[in-house]
Each structure stands twice: as C-alpha cells, then as structure tokens.
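Shown next, in structure tokens, is the structure this report addresses.
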Amino acid sequence: MHTILLTGFEPFGGEQSNPSWLAVQQLDGYQLDDEVQIVSRQLSCVFEKSQQELKTAIAELKPVLVLALGQAGGRTELCFEKVAINFIDARIADNAGQQPVGAPVVAEGPAAYFTTLPIKAMVNRLKQQGIPAAVSYTAGTYVCNTVFYAMMHQLKDKPKVRAGFLHIPYAPEQAIGKAVTSMPVDMVVRALKLCLPVALQSSEDLQIVAGTLD
Ligand code: PCA
C-alpha cells in the first residue's frame, strides 16, 4: 500500500477553524484505489514547529506524494502553488508569537524550489468538473510558504516523491461580513479526490497556458 500524505493547518489569525484541516481531516484513511491510501496530519501554524511536524510525518509515513494545504482568505479559487521561496516576512505573528521578518527558511538554501506536482494537469481536471482552480505563482511569505519550502528542501534528493502546496479560500462561515469569495469544504474534498489521481499518474505537466500578466 502506498501513502499520500495530506496536511492542513490549525486555525490562526483569530479564526475559529482552518478549512485546510477541515478538508484533509475528512480524507484521513480514505483509499484512492486498491494501492493508495491517504493519511492526514495537522500542522501547527508556528514557523519552526510546523517544519518539524512535517519532517517527522514524512520520515514516519514514507509517502509517495505529499500535498500540504493552507487557508488563503480572499483567494477566489483553489490555488496550486508553483514556487516556494527561501524567505520569511511575517505580516502577523504565528501561533507561538514569533514574527520573523526578512529571514531565510533555510540558511544557505537556494532562492526557490518549484513544486514537483503536475499542477497544470490538476487544475485542468478540476476546471473540467466546474471547480474553480488556478496555478498560483506566489505562496506568500508566511507559514505556508515556509512549510512548502522546507518540504521541497527535505525532498530535494528524493525525486520520486512528488510534493506541492495548495492554498484554499475561506470556508463560507469564515467569509460572513468580509465581502470575499469562499468555497465549501465539501468542494475542496471533492477536488482532492479528483486531482490526486492526476498527480499520481501524470509524470509530465501539461503544456497549456496558466500564467498571469501582472
Ligand atoms: N495559511 C497561512 C498559514 C496557515 C494557513 O492555513 C499561510 O498562508 O501562510
């Protein structure tokens, strides 16, 4: 049996819940097919601790694929991140009160890593099914980007393990009074069931346009 590791974060920034965890929690133990099972883990919204938690989970579970999820309130689509940067610039403190500004994730690490998931193919699959999804070229400079970078750094010599990051919009209950787009957690769950098989099967990404001009 192969394992797919999904992670979601605990709530942060004064929110009561984090849809990234609410979504992946529903898939813990779910079998994608006869050979692939999902294991879900929650990460702390804390710079240092989250990296360690992810590292431990990868070492323990030896997944064939890792997809970390995080909340990005205000985004209008499921955003599959292309690039993780070696830079932290925290606009708010993390859940342990730390607020690093202008720090590297990994001292002496390369400036950036790209995801090893076929994200255009995954986005394409979701759009075909009427689920709003896009490629994103910035994962921000907070805990999500940090975890994404640390994960790609950890897996840099394990090309067979595919890994990436998905930012998701607020859940509807979080968006009340905020005038922002939201997405039901059940839609995120359905999206994961649709795009994870694509992530496992396609070794090459699609050559289709997904870029932006600004
Ligand atoms: N989103 C934050 C950190 C945790 C989360 O769910 C981010 O985008 O960095």
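Contact detail for D28 and V39: the closest heavy-atom pair is OD1-CA, 3.5 Å. Considering all non-hydrogen atoms of both residues, P11 and S17 come closest at CG-CA, 3.6 Å. Contact between P132 and G130 at its shortest, heavy atoms only, is CD-O, 3.7 Å. Taking every heavy atom of both residues into account, D94 and V46 meet most closely at OD2-CA, 3.4 Å. The shortest heavy-atom contact between S20 and F9 is OG-N, 2.9 Å. In plain terms, the two heavy atoms of P63 and I58 that are nearest each other are CD-O, 3.5 Å.
Residues I38 and T3 have side chains not in contact (no heavy-atom distance under 4.5 Å, counting atoms from C-beta outward). At a threshold of 4.5 Å between non-hydrogen side-chain atoms, the residues T7 and V24 do not count as touching. At least one side-chain heavy atom of P110 sits less than 4.5 Å from a side-chain heavy atom of Y149. Counting heavy atoms from C-beta outward, F80 and C195 have side chains that approach closer than 4.5 Å. Inter-residue side-chain proximity for F87 and V105 is flagged as unmet; no heavy-atom pair is nearer than 4.5 Å.
One finds no salt bridge joining K127 and E77 here, because no Lys/Arg side-chain nitrogen approaches an Asp/Glu carboxylate oxygen to under 4.0 Å. Ion pairing between a basic and an acidic side chain is recognised when a charged N comes within 4.0 Å of a carboxylate O; R75 and E81 show such pairing.
To the nearest 0.5 Å, atom CE of residue M187 and atom CG of residue L126 are 10.0 Å apart. Here the CG atom belonging to L200 is positioned 7.0 Å from the CZ atom belonging to R162, to the nearest 0.5 angstrom. Note that OH of Y30 is 12.0 Å distant from OG of S40, once rounded to the nearest 0.5 Å. In this structure, CG in L6 is found 6.0 Å from CG in L67, a value given to the nearest 0.5 Å. Here the CG atom belonging to L65 is positioned 5.5 Å from the CG atom belonging to L117, to the nearest 0.5 angstrom. Going from atom OG of S182 over to atom OH of Y170 covers 11.0 Å, rounded to the nearest 0.5 Å.
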Practice problem: Quick one: do V135 and K120 satisfy side chain to side chain contact (heavy atoms under 4.5 Å, CB included)? Show the steps, please. | Solution: CA-CA 7 Å; V135 170; K120 287 184 175 180; 4.1 Å; yes

Quiz item: How far apart are the C-alpha atoms of E53 and S44, what are their side-chain angles, what is the distance that settles it, and do they pass the side-chain hydrogen bond (donor to acceptor under 3.5 Å, both in side chains) test?
Solution: CA-CA 8 Å; E53 288 167 341; S44 307; 2.7 Å; yes

Practice problem: Evaluate side-chain hydrogen bond (donor to acceptor under 3.5 Å, both in side chains) for Q71 paired with Q174, printing each intermediate quantity in order. | Solution: CA-CA 11 Å; Q71 164 196 314; Q174 294 177 289; 3.1 Å; yes

Exercise. Determine, step by step, whether Q26 and D186 satisfy the side chain to side chain contact (heavy atoms under 4.5 Å, CB included) criterion, reporting the C-alpha distance in whole Å, the side-chain angles of both residues, the deciding distance to 0.1 Å, and the verdict.
Key: CA-CA 9 Å; Q26 288 191 38; D186 284 352; 3.5 Å; yes

Practice problem: Applying side chain to side chain contact (heavy atoms under 4.5 Å, CB included), run through I4 and V36 and close with a yes or a no. | Solution: CA-CA 7 Å; I4 290 181; V36 184; 3.6 Å; yes

Practice problem: Would you sort out whether Q129 and L194 count as a side chain to side chain contact (heavy atoms under 4.5 Å, CB included), showing the intermediate values? | Solution: CA-CA 9 Å; Q129 299 295 315; L194 285 166; 3.7 Å; yes

Quiz item: salt bridge (charged side-chain N to carboxylate O under 4.0 Å, His left out) between E15 and K178: does it pass, once the steps are laid out?
Solution: CA-CA 13 Å; E15 297 288 336; K178 288 189 185 132; 3.0 Å; yes

Exercise. Show your working on side-chain hydrogen bond (donor to acceptor under 3.5 Å, both in side chains) between E10 and N95 and close with a plain yes or no.
Key: CA-CA 9 Å; E10 64 180 1; N95 285 356; 2.9 Å; yes

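Annotation: E48, atom CD; neighbour count of heavy atoms from other residues, nucleotides and ligands within 6.0 Å does not exceed 12. For Q128, the CD atom is densely surrounded, since the number of other residues' heavy atoms within 6.0 Å is greater than 12. Applying the 6.0 Å contact sphere to CZ of F114 captures no more than 12 heavy atoms from other residues, nucleotides or ligands.
Ring planes of F47 and Y142: perpendicular class, angle over 60° (limits at 30 and 60°).
When hydrophobic clusters are built by joining Ile, Leu, Val, Met, Phe, Trp and Tyr residues whose side-chain heavy atoms come closer than 4.5 Å, directly or via intermediates, M152 is grouped together with L61.
Within the 3.5 Å criterion, the main-chain N or O of A163 finds a donor-acceptor partner in the side chain of T115. Within the 3.5 Å criterion, the main-chain N or O of T141 finds no donor-acceptor partner in the side chain of D89. For the pair K82 (side chain) and S136 (backbone), a donor-acceptor distance under 3.5 Å is absent. Of the possible donor and acceptor atoms, one in the side chain of N86 sits under 3.5 Å from a partner among the backbone N and O of G109.
Under the 6.0 Å cut-off for aromatic ring centres, F148 and Y113 do not qualify, their centroids lying 6.0 Å or more apart.
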